[in-house]
Amino acid sequence: MSSKSKRITLKEAAEIIRDGTLLTFSGFTIWRRPCALVLELIRQKRRNLHLVEVNGGPHSEFLIGAGCVDVWESCWIGHELYGKYGANLSRKVKNKEIICEDYSHAEMGFRFLAAASGMPFLPTQTSLGTDIHNPEYDMLGRAGLRNGKNPKIARKKYETMQDPFFGDGEHVLVPAARVDVAVLSVQQVGEEGTVRIGGQFFTDPEICRAADTTIVVAEEIVPEETLRREPRLNDIPGFQVDHIVECAYGAHPTGMFGHYDVDGDFIRNFYMQTRTQEGFDEFAREWIFGTDHDAYLSKLGVARLLNLQANRALNFSTRVKRGHK
Amino acid sequence: MSSKSKRITLKEAAEIIRDGTLLTFSGFTIWRRPCALVLELIRQKRRNLHLVEVNGGPHSEFLIGAGCVDVWESCWIGHELYGKYGANLSRKVKNKEIICEDYSHAEMGFRFLAAASGMPFLPTQTSLGTDIHNPEYDMLGRAGLRNGKNPKIARKKYETMQDPFFGDGEHVLVPAARVDVAVLSVQQVGEEGTVRIGGQFFTDPEICRAADTTIVVAEEIVPEETLRREPRLNDIPGFQVDHIVECAYGAHPTGMFGHYDVDGDFIRNFYMQTRTQEGFDEFAREWIFGTDHDAYLSKLGVARLLNLQANRALNFSTRVKRGHK
Amino acid sequence: MERHAYAKAGEYTLADLMTVAAGREVMDNEVVFAGTGMPMIAIMLAQKTHAPNLKLIFEAGTFDGRPIVTPTSVGDPRCEGGASRASGLCEAFAIAQRGYVDLGFLGGSEVDEYGNVNTTVIGDYLNPDLRLTGSGGDPDINSFARRTVFIMVHEARRFTRNVSYITSPGWRVKKWPSGEWVHRRELYGRAFRGGPSAVISTAGVFRFDDVTGRMYLDSYHPGKTPEEIRGLCQFDLDVSRTSGETAPPTYEELHIIHEVLDREEIFLPKPRKV
Amino acid sequence: MERHAYAKAGEYTLADLMTVAAGREVMDNEVVFAGTGMPMIAIMLAQKTHAPNLKLIFEAGTFDGRPIVTPTSVGDPRCEGGASRASGLCEAFAIAQRGYVDLGFLGGSEVDEYGNVNTTVIGDYLNPDLRLTGSGGDPDINSFARRTVFIMVHEARRFTRNVSYITSPGWRVKKWPSGEWVHRRELYGRAFRGGPSAVISTAGVFRFDDVTGRMYLDSYHPGKTPEEIRGLCQFDLDVSRTSGETAPPTYEELHIIHEVLDREEIFLPKPRKV
């Protein structure tokens, strides 16, 4: 194949994501998040990002703490076992530095499914009776951002309608999650962009199709033909992928099924340290600024990485300490 | 696991499907259709079936020619290379013995996706401007069947609405394809019902979830644990499957990826012979009535089946003759 | 020591009892959607005791899993162990909306008298004192499952009079756009499948009145009294229809919890005297 | 015999020429949605010649396939060969609706002057003379792709004045509920992406006027004349703007068709004099 190569560097990948981008990520809570690329975005001082995610995690907290984010549209943020909630988001929401738009988890999933399928919305009956549907709590609307100026932002948070076919009653229509860029962190990508994910794919295929531009950061770039021998095992076809980056430990401190477990200590320390802005800035000086991904990995050190290494028969680490014993 | 076994016989499986059932099938055109079960339904003289399918094929023609079907709701019927169109459906539509409700292919797919997801409809902009959307051609409506008496039949063929979120204009809402029974013909099913399909899954996961009852006919029933070693390779989780049948060549004369190719001669002969009702009845006397699946296979004979056998490295037959040379 | 005998006071913690009592809410063969944390242990305990055929689903996309090592997150690779299928989130919520889910098993944080839960904000949503995690899948599981069981450590502040924000719907919910309170059955109409059926805490087991949807105390854990528990709720807890003491864990259940499911003491510390 | 030289009359059939001319409509790197039959051969020819990087999609659920043996159906296992992904139909139509598809490549049956196609019924829909196959994915591919090319054997009855039923939308379509004829651009509004761009038959290559959407003859195959072709259409074919004769197949193209893609002569009989 004589196609132009899709390979770029982490730095080039971050440069593609401009200020103000509607941005989303692969993964789920503390799993398979493109943290290496996120930290590079912070180094490049990206601003005014509008994150639209099925759910958040440490990667969101990194960007939020660093002041890169204006709007966060999702249903959940936290660190699971390693930190009770998103302290940086919490602080900035309280200080009115960030607009926080709440949908439910299924609503966010369906929003991406709609966008992935060229549909402007999907109907659902989830979360009826909750404050998620409170019309006073359309935060993007309150901020004047639903005026059509950005054509990807829906003019309304929700619409309601009666089912016209079966008499099933009132449904909520959730608007498609139309985003500019999707950044994925996966195990394998082919030279032509074919993606093979190990373990649960969460919502990766949907966010890729929902976005106009897709960047895939993979633990390893492999020859396409090795993936094309088993087409049923591939999750995203190459033509949907625009750029690929090879980056070992691209998801650290989040986990990568089959490769490395969650670095719970790192996330716990981050959570404890960054409950204040001063704490975040200190964290950033140590782990983000004036360094790059290779130096970051060296700083973590071999022993730590080996401890996280997934057992290949089980796809998770048997060495890492998760509890008190 | 001490759960009650899901195993039944082909005959018992057919007995589950009563007269008047809203029925759908696995596969695609001349691939992976549950023909063995369909022929058993014909032997049991099933009547008044309402077929709702993503697309039709020889299996539909069998049921239609045998007088089992009152309504056919789909987008296409034929035999691909082996027969230009569905001659039995055509004859019965002309004689007004069958109601034929046309949607487009994507519309039928989206209808099953809606039903599979507990949604009453999905929005689409396909087929705008065609006679598929002609309000005069709501055939179920014209027949008085959209009166709510069967709650699974939509009160309207379509609804239209403006996109309220992005100004994308008029959309067509296609109603969920709510069916009573889905019958699948697949390569492998576990004792507990876990389904692993070889090759394209077409719309099998969607039809299974859309239906209230799912019957899986598999070339082989395997121990569950063999399938549960690789959960990412399974297509339908066991709890969605109600009954399983082990039946070799369950899809003949349609093809089964990795096992046997399409029996083009059989389908071509069927097509040529059954352009008249007399021809169909003759076909049925020879191949359906007074026989069973085992006798049918013996009649086909070893040489014929070996000719159809798929090459395991390629998943299709290298022996079968497809063209003129 | 007879495996099926009940353990004595001091041989188990209240967290153990909460876990065991929650596990008892599961019926064999049910399709169960479990949330992260305590629910996982309780479900896996049920799976290893009276409900071996339960079908465990995690919203990140694992279906009918039989983990060999306890996961700590619904997205954990450990969730995939022995699963019938592993895929993604849209499928999980689609099948829930389709009606496959019998039971939702969730960690609770702040619950009110009608089973409404708040995981979004402390204080006024528009001017929050503290922004929490957000909803996650709780409202979805709660909307779609035929019944939902909550597991939570008991603190008075968590059993609140009126949640300031309804994240997850209970038995009396808000009808928009007016915001008036109506019974869930009325709002949901044909979408109604059920709702919160129990809250299991470290103090007792609470259920909801069939008609009014108001929470009442069903059983109180050994060492607790109904009046004491009423004092541990900010609303006026109905303690008039208790069924007695919660049955303690058996030795077998304790063994499974501490030697099989949570050897690493991720969720449940070992009792001091064992 | 120079591989890239054009073959002479008698060394190829009109079906060969139609296939080659259709293949020329594909641009390299395009995402192409192909239908069953003739389109497959034409696409695979393009893939093996000037468009090696085209991304071939079949609606049954194979994406970016590189079949080693020619399939005879879009659901054929042969479609999976070398594919980037194999899955199912909903995904294929979802990505088409999302806008990924540059080109639809379809077999035509009955086409009218504005590119409307009928594959549903001969005669009145409510009282048909003959019920045909039905739409299949043609209207969908046609609605979603940025342009569509049709390949069909030329018979006068297939180039009809007004199709009795519009299965697949051309340039003048019906606006419901009134049924009035409007330009496709007007009906589709923001959904407009393009429409039928060419019809390739065994007589010539036809295109559609940018403004009116009316079909006109672009090139006529060697051995045919524009007037002859006009006589082979039931509508008044515009032959005033032809560009000349269709370039014949090259020897390399014939070799690929007959010795590589269709050795079994499934779709294309070998020319007598080769």
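Chain letters run A, B, ... following the sequence lines, proteins first and then strands; every chain starts at 1. In this text, all values refer to a predicted model and were calculated from it rather than measured experimentally.
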Over all atoms of both residues, closest heavy-atom pair of D:Ala60 and B:Phe202:
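So the minimum-distance heavy-atom pair works out to O-CD2, 3.5 Å.
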Closest heavy-atom contact between B:Trp31 and D:Ser73?
NE1-OG, 3.0 Å
Go through the atoms of [X] and report whether side chain, backbone, both or neither lie under 4.5 Å from a heavy atom of chain D.
X: B:Asn134; answer: both
X: B:Glu136; answer: backbone
X: B:Lys84; answer: backbone
X: B:Met139; answer: side chain
X: B:Phe112; answer: neither
X: B:Ser127; answer: both
X: B:Ile197; answer: neither
X: B:Val262; answer: neither
X: B:Glu80; answer: side chain
X: B:Glu206; answer: side chain
X: B:Thr124; answer: both
X: B:Arg142; answer: side chain
X: B:Phe28; answer: side chain

With a 4.5 angstrom heavy-atom cut-off, is it the side chain or the backbone of [X] that approaches chain B, or both, or neither?
X: D:Asn142; answer: neither
X: D:Thr36; answer: side chain
X: D:Ile68; answer: side chain
X: D:Asp262; answer: neither
X: D:Phe144; answer: side chain
X: D:Thr119; answer: neither
X: D:Pro67; answer: neither
X: D:Val163; answer: neither
X: D:Phe267; answer: side chain
X: D:Leu132; answer: backbone

Go through the structure and list residues passing side-chain hydrogen bond (donor to acceptor under 3.5 Å, both in side chains) with B:Gln240, not counting sequence neighbours.
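Expected list: none.
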Sequence neighbours excluded, which residues qualify as side-chain hydrogen bond (donor to acceptor under 3.5 Å, both in side chains) partners of B:Thr126?
D:Asp140
Could you check which of [options] has the highest count of heavy-atom pairs closer than 4.5 Å to chain B?
options: D:Leu126, D:Thr62, D:Asn116; answer: D:Leu126
options: D:Val182, D:Asp138, D:Asp76, D:Val121; answer: D:Asp76
options: D:Ser135, D:Ala96, D:Ser168, D:Gly134; answer: D:Ser135
options: D:Thr133, D:Val173, D:Leu187; answer: D:Thr133
options: D:Pro169, D:Gly61, D:Gly136, D:Gly137; answer: D:Gly136
options: D:Pro128, D:Pro269, D:Ala86; answer: D:Pro128

Top contributor to chain D interface from [options] [non-hydrogen pairs under 4.5 Å]:
options: B:Gly258, B:Gly109, B:Pro205, B:Gly167; value: B:Gly167
options: B:Cys75, B:Ala87, B:Gly255; value: B:Cys75
options: B:Ser104, B:Gly199, B:Gly78, B:Gly169; value: B:Ser104

Can you find a heavy atom in the side chain of [X] that is under 4.5 Å from one in the side chain of [Y]?
X: D:Ile141; Y: B:His105; answer: no
X: D:Thr120; Y: B:Asp131; answer: no
X: B:Gln200; Y: D:Cys79; answer: yes
X: B:Ser90; Y: D:Leu130; answer: yes
X: D:Cys90; Y: B:Thr203; answer: yes
X: D:Arg131; Y: B:Lys94; answer: no
X: B:Phe110; Y: D:Gln97; answer: yes
X: D:Arg78; Y: B:Asp261; answer: yes

As an exercise, state the distance from [atom1] of [X] to [atom2] of [Y], rounded to the nearest 0.5 Å.
X: B:Gln125; Y: D:Arg190; atom1: CD; atom2: CZ; result: 9.5 Å
X: D:Glu91; Y: B:Phe201; atom1: CD; atom2: CZ; result: 6.5 Å
X: D:Glu265; Y: B:Lys321; atom1: CD; atom2: NZ; result: 9.5 Å

Would you say that more than 12 heavy atoms from the other residues, nucleotides or ligands in this model lie under 6.0 Å from the CG of D:Asp210, or not?
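At most 12 heavy atoms, drawn from other residues, nucleotides or ligands, come within 6.0 Å of this atom.
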Between B:Asp102 and D:Tyr125, is any side-chain donor less than 3.5 angstrom from a side-chain acceptor?
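Yes, because at least one side-chain N or O of B:Asp102 sits under 3.5 Å from a partner of the opposite role on D:Tyr125.
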When the ring planes of B:Tyr137 and D:Tyr165 are compared, do they come out parallel, tilted or perpendicular, using 30° and 60° as the limits?
parallel
